[in-house]
Amino acid sequence: MERDTICCFTGHRPDKLPWGVREDDPRCLALKNRLDQALERAVQEGCRHFICGMARGCDLYFAEGVLALRERRTEVRLECARPCQTQADRWPEAERRRYQSILDRCDFETLVQHNYDRGCMMRRNRYMVDRSARIIAVYNGIPKGGTAQTLLYALGKGLKTDILEL
C-alpha cells in the first residue's frame with residue numbers, strides 16, 4: 001500500500017461534542033454530512049485506505065462513513081486500528097454492538113497491543129499517523145486531549161489535513 005493513498009482520522013468522543021450521544025441532533029447530522037464530503041474529497045485526491053482508531057463518538061461516525069462510501073466505491077478499504085483488546089469492554093451495550101458490527105465489516109483489523117496501559121491510545125494514534133499521508137479531524141480547537149495531540153503529531157509529520165471544526 002502506498003502511503004499517499006492512506007488517510008487516517010481523529011476526532012472527539014461524546015463528552016466533548018455539544019450534542020453528546022444524541023446523534024439525531026441537527027448539529028451531529030450536519031457534521032456527519034461534512035464528514036462524508038471530506039471522505040469524498042480524500043477519495044478524489046487518491047486515498048483508498050482509511051484508518052480509524054475505533055473510539056466512541058466521531059471515530060465511529062468516520063468508520064460508518066467509510067463503510068457507506070465503500071458501497072459506492074469498491075476500491076475503498078477500512079482498517080480498524082484498536083489500541084488494545086479491551087477497548088470497548090466498558091462501553092454501553094448498544095455502542096459495543098455498533099463497534100463489533102464495524103469490526104465485522106472492516107477490511108483490516110490491527111491490534112496495536114493486547115493489554116491496556118496509559119500509552120496505548122497514543123501508540124494507536126501514532127500508528128495511524130505514521131502510515132498516512134492525510135488526516136481528517138473533527139476538532140473543537142481546545143489544545144489539549146488526544147485529538148489535539150494526534151493533530152499536532154500529524155502536522156509535524158507533514159500530513160495533508162482536513163479539519164472539520166466544531
Side-chain angles (χ1 to χ4, degrees), residues 1-17 20-21 23 28 31-32 35-36 38-39 42-43 47-71 73 75-140 144-157 159 161-164:
M1 226 169 321
E2 296 291 323
R3 185 173 181 207
D4 62 349
T5 67
I6 302 174
C7 173
C8 65
F9 177 81
T10 190
H12 298 296
R13 292 178 175 87
D15 62 313
K16 291 189 178 174
L17 299 172
V21 297
E23 292 185 43
C28 182
L31 174 65
K32 287 181 179 183
L35 194 48
D36 289 343
L39 287 167
V43 168
C47 291
R48 299 291 178 263
H49 187 95
F50 295 85
I51 309 175
C52 178
M54 296 299 289
R56 292 178 65 216
C58 292
D59 279 22
L60 298 186
Y61 307 168
F62 173 80
E64 289 169 341
V66 172
L67 290 170
L69 181 63
R70 190 180 68 184
E71 295 294 315
R73 297 193 174 249
E75 73 276 15
V76 166
R77 297 289 173 257
L78 174 64
E79 176 181 352
C80 295
R82 299 169 55 208
C84 62
Q85 288 179 324
T86 58
Q87 180 179 21
D89 285 4
R90 295 185 177 170
W91 293 7
E93 178 61 31
E95 284 186 293
R96 285 199 316 267
R97 282 194 308 270
R98 185 180 188 180
Y99 175 90
Q100 189 59 53
S101 172
I102 293 167
L103 288 176
D104 290 344
R105 294 178 286 152
C106 76
D107 300 287
F108 304 96
E109 182 180 340
T110 301
L111 183 64
V112 175
Q113 65 186 57
H114 289 285
N115 298 311
Y116 173 84
D117 68 28
R118 284 185 36 182
C120 69
M121 303 296 176
M122 181 191 67
R123 281 189 285 282
R124 182 263 328 263
N125 296 341
R126 288 183 176 222
Y127 166 85
M128 295 188 305
V129 169
D130 288 345
R131 282 151 184 77
S132 301
R134 180 186 194 108
I135 187 167
I136 297 172
V138 172
Y139 183 50
N140 63 9
K144 65 177 192 171
T147 298
Q149 289 174 347
T150 303
L151 192 51
L152 188 61
Y153 184 68
L155 290 168
K157 291 285 190 169
L159 271 65
T161 58
D162 195 344
I163 300 172
L164 310 178

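As a basis for the values below, the full set of heavy atoms in this structure was taken, side chains included, without hydrogen atoms, waters or symmetry mates. Values in this document were obtained by computation on a predicted structure and should not be read as measured data.
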Would a distance-only check, ignoring hydrogens and angles, find a side-chain to backbone donor-acceptor pair under 3.5 Å from Arg48 to Thr5? no
Measure from the side-chain N and O atoms of Arg126 to the backbone N and O of Val129, and report whether any donor-acceptor pair falls under 3.5 Å. no
Is the shortest heavy-atom distance from the side chain of Thr110 to the side chain of Glu79 under 4.5 Å? yes
To the nearest 0.5 Å, what is the distance between CD on Gln149 and CG on Leu152? 8.5 Å
Stepwise, does the side chain to side chain contact (heavy atoms under 4.5 Å, CB included) test hold for Met54 with Tyr99? CA-CA 7 Å; Met54 296 299 289; Tyr99 175 90; 3.7 Å; yes
I need the minimum non-hydrogen distance between Arg70 and Cys106, along with the two atoms involved. NH1-C, 4.2 Å
Looking at SG of Cys80 and CG of Asp107, how far apart are the two atoms once the value is rounded to the nearest 0.5 Å? 9.0 Å
Decide yes or no for Leu35 and Phe9: does some side-chain heavy atom of the first lie under 4.5 Å from some side-chain heavy atom of the second? yes
Residues Trp91 and Arg96: closest non-hydrogen pair is O-NH1, 2.6 Å
Is any NZ, NE, NH1 or NH2 atom of the basic residue among Arg134 and Asp4 found under 4.0 Å from an Asp or Glu carboxylate oxygen of the other? no
Donor-acceptor contact below 3.5 Å, side chain His12 vs main chain Asn140: yes
With a 4.5 Å limit on heavy-atom distance, are the side chains of Cys7 and Ile136 in contact? yes
Can you confirm whether Glu2 is buried at CD, in the sense that more than 12 heavy atoms of other residues, nucleotides or ligands lie under 6.0 Å from that atom? no
Do you know which two heavy atoms are closest between Val138 and Cys58, and how far apart they sit? CG1-SG, 3.6 Å
Give the minimum heavy-atom separation between Cys8 and Leu159, together with the two atoms involved. SG-CD2, 4.3 Å
Donor-acceptor contact below 3.5 Å, side chain Thr147 vs main chain Thr10: no
Can Arg98 and Glu23 be said to form a salt bridge (Lys or Arg N to Asp or Glu O under 4.0 Å), step by step? CA-CA 13 Å; Arg98 185 180 188 180; Glu23 292 185 43; 2.5 Å; yes
If every non-hydrogen atom of Gly65 is compared with every non-hydrogen atom of Asp36, which pair is closest and at what distance? CA-OD1, 3.9 Å
Report yes if the side chains of Met121 and Tyr116 come closer than 4.5 Å at any heavy-atom pair, otherwise no. yes
Just wondering, do Leu164 and Tyr139 contact through their side chains at under 4.5 Å, heavy atoms? no
Distance (rounded to the nearest 0.5 Å) between Phe62 CZ and Leu69 CG: 9.5 Å
Between atom CZ of Arg131 and atom CD1 of Ile51, what is the distance when rounded to the nearest 0.5 Å? 7.0 Å
Decide yes or no for Arg13 and Leu60: does some side-chain heavy atom of the first lie under 4.5 Å from some side-chain heavy atom of the second? no
Gap separating the NE2 atom of His114 from the SG atom of Cys84, nearest 0.5 angstrom: 11.0 Å
Mind running side chain to side chain donor-acceptor pair (under 3.5 Å) on Ser101 and Arg105 for me, showing each step along the way? CA-CA 6 Å; Ser101 172; Arg105 294 178 286 152; 3.1 Å; yes
Taken to the nearest 0.5 Å, the spacing of Leu78 CG from His49 NE2 works out to 8.0 Å
Heavy-atom closest pair (Arg82 atom, Gln85 atom, distance to 0.1 Å) is NH2-O, 3.0 Å
So, applying side chain to side chain contact (heavy atoms under 4.5 Å, CB included) with Tyr153, which one of Asp130, Ile135, Asn125 is it? Asp130
Should Leu17 and Asp15 count as side-chain neighbours, where that means a heavy-atom distance under 4.5 Å? no
Stepwise side chain to side chain donor-acceptor pair (under 3.5 Å) test for Gln113 and Asp117: CA-CA 9 Å; Gln113 65 186 57; Asp117 68 28; 3.2 Å; yes
Gln87 and Arg124, any side-chain heavy atoms less than 4.5 Å apart: yes
